[in-house]
Amino acid sequence: MNMPLLHRSFPEAAGALPRMPLGDGPTPVRVLSGLTGRVPLWCKDESGYGSGGWGGNKVRKLEWILPDVLRRGARTILTVGGTGTNWGLATALYARERGLRTAVALVDQPFDDHVRGQLERLRRSGATLHFTRTRARTIAAAPWLFLRHSAHGRPPYFLPAGGSSPVGALGYVEAALELADQIAAGAVPEPSHVVTAVGSGGTAAGLALGLRLAGLERTRVVGVVVNDTLRLDARTVSALAARTGRLLRARGAKLPGDVVAPDDVTLVRDWLGRGYGHPTPGALRARRLAADQAGLALEPVYTAKALGALLDMAADGRFGAGPVLFLQTHGPRDGA
Ligand SMILES: Cc1ncc(COP(=O)(O)O)c(C=O)c1O
């Protein structure tokens, strides 16, 4: 893609908000038939986004984060995630290409073939792995981790789980502006709801802010919470959207006042099952359906739970007449 849409919308902030292109947009939109009865269902497919060893939503966040790391002169990124973290893997792979090191503190999650494969990829990525195992132990180890990964008096650049900082959320402000362009071009109808998995909130927060900035007043973000190890609710996600707005403003963008209201985002938790990474029958069913009927490759931790929720909510009439847009955020590579 040429100029980021965020720079086109806020040219006054472009110099202070550099973006490093790592993928090609716009990502495709298409109708998914046969899954939701009378409610029209569309998909914006982020799986192909990213030219490196991992794709999907993480890459959009890294496009804004990596320039910020370089701007601050840090040499190492320190972040956290579950044992099979897509986020840690994407960070390690794209940071390595830019000469940056990555260290990841890993919290236990249920172990299965998917997680085993991700851990193997993480080991091959060259990231330094710290098996801190629980959230409490990760917090306790934080001072040591910062010291261990400081170099020449410089601390590591810390990124919260999932890259859900205001800088990371800019990736989904950009994606929402891209969606608005696709709607304006008639490639997809204006959705009543955009449904996405919520693992750390940055994707949903960026989308909510971006949709408002694009003037899509009718579209609501529905986040399906798949992670019970972080506090994730409509307040925390809209607070992150507000912090992202403040970041834009601090970098010079002329934004109107409070852009995102808490009720712009709905978070649903009933599809989490026993917790983060625990499969649910509904998710497994949605995953099979998506593969068989729509040729969509979902994974069990995030996207299958999100689609499972979407299908149940559509059947319950919770989207009205729609149309609903599902965000396919999973971007595996090498058959992962
Ligand atoms: C495939 C996939 N989808 C969705 C998400 C959720 O995105 P976020 O962490 O921004 O809530 C993640 C990561 O957490 C992910 O790996």
Do [X] and [Y] come within less than 4.5 Å of each other through their side chains, counting heavy atoms only?
X	Y	value
Val31	Leu41	no
Trp87	Leu159	yes
Thr36	Leu311	yes
Thr134	Asp108	no
Trp64	Pro18	no
Met313	Leu310	no
Leu170	Arg251	no
Asp24	Tyr49	no

Same cluster for [X] and [Y] if Ile/Leu/Val/Met/Phe/Trp/Tyr side chains link at under 4.5 Å?
X	Y	value
Val167	Leu209	yes
Val324	Val188	no
Val265	Val195	no
Val69	Leu145	no
Leu240	Tyr172	no

Worked verdict on Phe10 versus Leu213 for side-chain contact (heavy atoms from CB on, under 4.5 Å): CA-CA 10 Å; Phe10 302 104; Leu213 292 178; 4.0 Å; yes
Pairwise distance [atom1]([X]) to [atom2]([Y]) - rounded to 0.5 angstrom:
X	Y	atom1	atom2	answer
Leu22	Met20	CG	CE	6.5 Å
Gln109	Asp112	CD	CG	7.5 Å
Leu177	Gln182	CG	CD	11.5 Å
Asp228	Leu272	CG	CG	5.0 Å
Arg121	Asn86	CZ	CG	9.5 Å
Phe131	Leu119	CZ	CG	5.0 Å

Evaluation steps, side-chain contact (heavy atoms from CB on, under 4.5 Å), between Leu129 and Leu122
CA-CA 8 Å; Leu129 306 181; Leu122 259 176; 4.2 Å; yes
Any Lys/Arg nitrogen of [X] or [Y] sitting under 4.0 Å from an Asp/Glu carboxylate oxygen of the other?
X	Y	result
Glu174	Arg60	no
Glu178	Lys44	yes
Asp181	Arg8	yes

Do the side chain of [X] and the main chain of [Y] share a donor and acceptor less than 3.5 angstrom apart?
X	Y	answer
Arg75	Ala151	no
Arg269	Leu232	yes
Ser9	Leu6	no
Arg135	Leu230	no
Arg19	Ala14	no
Arg249	Pro256	yes

Among residues two or more places apart or on two chains, list those pairs meeting side chain to side chain donor-acceptor pair (under 3.5 Å) that have a residue in [range].
range	value
residues 304-319	Trp271-Asp312
residues 279-300	Glu299-Thr303
residues 143-162	Asp68-Tyr157, His130-His149
residues 196-208	Asn57-Thr203, Ser164-Ser200

Going by side-chain heavy atoms closer than 4.5 Å, which hydrophobic residues are tied to Leu284, directly or by a chain of links?
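So far as hydrophobic clustering goes, Leu284 is joined with none.
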Dump the intermediate steps for side-chain contact (heavy atoms from CB on, under 4.5 Å) on Val29 and Asp45, then the final yes or no. CA-CA 6 Å; Val29 281; Asp45 188 350; over 6 Å; no
Check: Can you name the residues that form a side-chain contact (heavy atoms from CB on, under 4.5 Å) with Ala290, not counting sequence neighbours?
Finding: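 Checked Ala290 against side-chain contact (heavy atoms from CB on, under 4.5 Å); matches are Leu296, Leu298, Leu307.
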Q) Does a side chain donor of either Thr27 or Glu46 reach within less than 3.5 Å of an acceptor in the other side chain? A)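 Yes - a donor-acceptor pair under 3.5 Å links their side chains.
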Kindly indicate, with the supporting measurements, whether the criterion side-chain contact (heavy atoms from CB on, under 4.5 Å) is fulfilled by Phe158 and Thr79.
CA-CA 6 Å; Phe158 176 71; Thr79 191; 5.7 Å; no
Using a 3.5 Å cut-off and no angle test, enumerate the donor-acceptor pairs between side-chain atoms of residues 215-226 and protein atoms at least two apart in sequence or in another chain.
{"unit_1": "Arg218", "atom_1": "NH2", "unit_2": "Glu190", "atom_2": "O", "d": "3.2"}
{"unit_1": "Arg218", "atom_1": "NH2", "unit_2": "Gly322", "atom_2": "O", "d": "3.4"}
{"unit_1": "Thr219", "atom_1": "OG1", "unit_2": "Pro191", "atom_2": "O", "d": "2.7"}

Could you list the residues that satisfy side chain to side chain donor-acceptor pair (under 3.5 Å) with [X], not counting sequence neighbours?
X	answer
Gln328	none
Arg123	none
Thr229	Asn227

- Item | Phe319: ring-ring contact (aromatic ring centres under 6.0 Å, His included) partners, not counting sequence neighbours |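 Once residues adjacent in sequence are excluded, the partners of Phe319 under the ring-ring contact (aromatic ring centres under 6.0 Å, His included) criterion are His193.
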| What residues form a ring-ring contact (aromatic ring centres under 6.0 Å, His included) with His278, not counting sequence neighbours? |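 Checked His278 against ring-ring contact (aromatic ring centres under 6.0 Å, His included); zero matches.
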Practice prompt. Pick out which of Thr85, Leu93, Thr91 makes a side-chain contact (heavy atoms from CB on, under 4.5 Å) with Leu89.
Written response: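 With Leu89 as partner, Thr85, Leu93, Thr91 yield a single side-chain contact (heavy atoms from CB on, under 4.5 Å), made by Leu93.
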(Q) Can you tell me how the ring of Tyr276 sits relative to the ring of Tyr302, calling it parallel under 30°, perpendicular over 60° and tilted otherwise? (A)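 Perpendicular: the ring planes of Tyr276 and Tyr302 meet at over 60°.
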